[in-house]
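Structure, as structure tokens:
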Amino acid sequence: MKKLTFALLTTLSCAAFARPAPLVSIPSHDAFFDAIKAHCGKAYEGKVTVDNQGPSSFSDARLVMHVRKCGDAELQVPFHVGKDASRTWIITKTGSGLSLKHDHRHEDGSDDVSTMYGGHTLDAGFNTVQSFPADEYSKQLFVQQGIPQSVGNTWQMYIYPEQFTYRLVREGREFRVDFDLTKPVTAPTAPWGYNTN
């Protein structure tokens with residue numbers, strides 16, 4: 001009986017301590033993440049405000065971002081370019097900062113060759129602005145795809161009460177889309193490869 005009691009107590013004490021490690025974060029990352037999360041379920045129309053290599057396929061298309069899925073550690077924000085629903089921005093709390101990934105899919109839901117590229121914060125940033133320099137996976141992907149100039153990519157996101165901005169910069173390249181947060185629009189359908197609910 002004593003052995004059974006000891007075994008039971010040991011099991012219970014282990015279970016009490018078997019919890020996930022805390023996901024640590026700093027105030028500026030939390031504030032930035034939470035400011036985007038506050039728009040969960042809403043969609044907004046945007047326009048290209050800077051493109052020093054334009055015009056491009058973005059120039060004449062209707063641009064809509066949709067803060068679609070919001071968890072405590074991950075945000076999924078599809079970026080629709082006209083009827084093209086191939087792009088989803090994924091912002092994740094990693095425990096050592098914030099990650100931004102670009103999930104690109106084909107219409108049948110399969111992964112694009114160029115997918116999950118992005119970067120990770122290297123500093124505190126600001127409550128309203130975070131920068132994501134290209135990570136090593138992305139750099140290797142860009143070289144393999146014959147676009148080594150993209151190795152220097154830094155993606156930036158700005159979130160203010162009236163405007164959200166997505167910006168790409170590198171030497172000789174700047175692209176920026178501003179979204180009007182004062183005028184929600186009808187949310188688009190699910191991005192390619194994602195469930196409708």
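For clarity, every value in this text was computed on a predicted model and none was experimentally measured.
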**Complete:** Closest heavy-atom pair, G193 versus R105, reported as atoms and distance to 0.1 Å, is O-NH1, 3.1 Å
**Request:** Decide side chain to side chain donor-acceptor pair (under 3.5 Å) for S138 and Q140; before the verdict, give the C-alpha distance in whole Å, the side-chain angles of both, and the deciding distance to 0.1 Å.
**Result:** CA-CA 5 Å; S138 303; Q140 292 189 29; over 6 Å; no
**Asked** Rounded to the nearest 0.5 Å, how far apart are OG1 of T94 and CD of E74?
**Response** 12.0 Å
**Asked** Is a side-chain donor-acceptor pair under 3.5 Å present for S114 with D112?
**Response** no
**Message:** So, taking the atom named CD1 in I91 and the one named SG in C70, what distance separates them when rounded to the nearest 0.5 Å?
**Reply:** 9.5 Å
**Request:** Measure across L23 and A73 and return the closest heavy-atom pair with its distance rounded to 0.1 Å.
**Result:** CD2-CB, 3.7 Å
**Item:** T154 to P133 - nearest heavy-atom pair and separation
**Value:** OG1-CA, 3.7 Å
**Request:** Determine whether I90 and L75 make a side-chain contact, defined as any pair of heavy atoms from C-beta on separated by less than 4.5 Å.
**Result:** no
**Asked** Judged by modelled atom types alone, do Y194 and D103 share a side-chain donor-acceptor pair under 3.5 Å?
**Response** yes
**Item:** Sub-6.0 Å ring centroid separation between H104 and Y117
**Value:** yes
**Item:** Nearest non-hydrogen partners of V81 and S57, listed with the distance
**Value:** CG1-O, 4.1 Å
**Request:** State yes or no: do L168 and L100 share one hydrophobic cluster built from I, L, V, M, F, W and Y residues joined by side-chain heavy-atom distances below 4.5 Å, directly or via other members?
**Result:** yes
**Message:** Quick one, T92 and L98 - any side-chain contact, counting heavy atoms below 4.5 Å?
**Reply:** no
**Electrostatic pair K93-D72, nearest N-O below 4.0 angstrom** = no
**Item:** Backbone N/O of E174 and side chain of N52: donor-acceptor pair under 3.5 Å
**Value:** yes
**Pairwise side-chain contact, F58 with K47, heavy-atom cut-off 4.5 Å (strictly under)** = no
**Item:** Gap between atom NE2 of H39 and atom CG of L181 - 0.5 Å precision
**Value:** 4.5 Å
**Prompt:** Could you state the interatomic distance from OG (S96) to CG (L122), rounded to the nearest 0.5 Å?
**Reply:** 10.0 Å
**Complete:** Rounded to the nearest 0.5 Å, the CZ atom of F142 sits from the CD1 atom of I147 at a distance of 5.5 Å
**Prompt:** Roughly how far, to the nearest 0.5 Å, is CZ of R170 from CZ of F175?
**Reply:** 11.5 Å
**Prompt:** Taking the six-membered ring for Trp, are W89 and F79 parallel (under 30°), tilted (30 to 60°) or perpendicular (over 60°)?
**Reply:** parallel
**Prompt:** Between H102 and Y166, how do the two ring planes meet: parallel, tilted or perpendicular, split at 30° and 60°?
**Reply:** perpendicular
**Request:** Taking the six-membered ring of Y44 (Phe, Tyr or Trp), confirm whether the NZ or CZ of K183 is under 6.0 Å from its centre and within 45° of its axis.
**Result:** no
**Asked** Does H80 have any ring pair (Phe, Tyr, Trp, His ring centres under 6.0 Å) partners at least two apart in sequence or in another chain, and if so, which?
**Response** none
**Message:** Test of understanding: clusters of I, L, V, M, F, W, Y form through side-chain heavy atoms closer than 4.5 Å, transitively. Do V185 and I159 belong to the same one?
**Reply:** no
**Asked** What pairs of residues pass the side-chain hydrogen bond (donor to acceptor under 3.5 Å, both in side chains) test when at least one of them lies in residues 122-133, not counting sequence neighbours?
**Response** S131-Q156
**Prompt:** Do R176's NZ or CZ and the ring of Y158 fall within the cation-pi criteria of under 6.0 Å and 45°?
**Reply:** yes
**Request:** State, yes or no, whether a side-chain contact exists between D51 and R173 at a heavy-atom distance under 4.5 Å.
**Result:** yes
**Item:** Validation row: W192, R87 side chains within 4.5 angstrom (heavy atoms)
**Value:** no
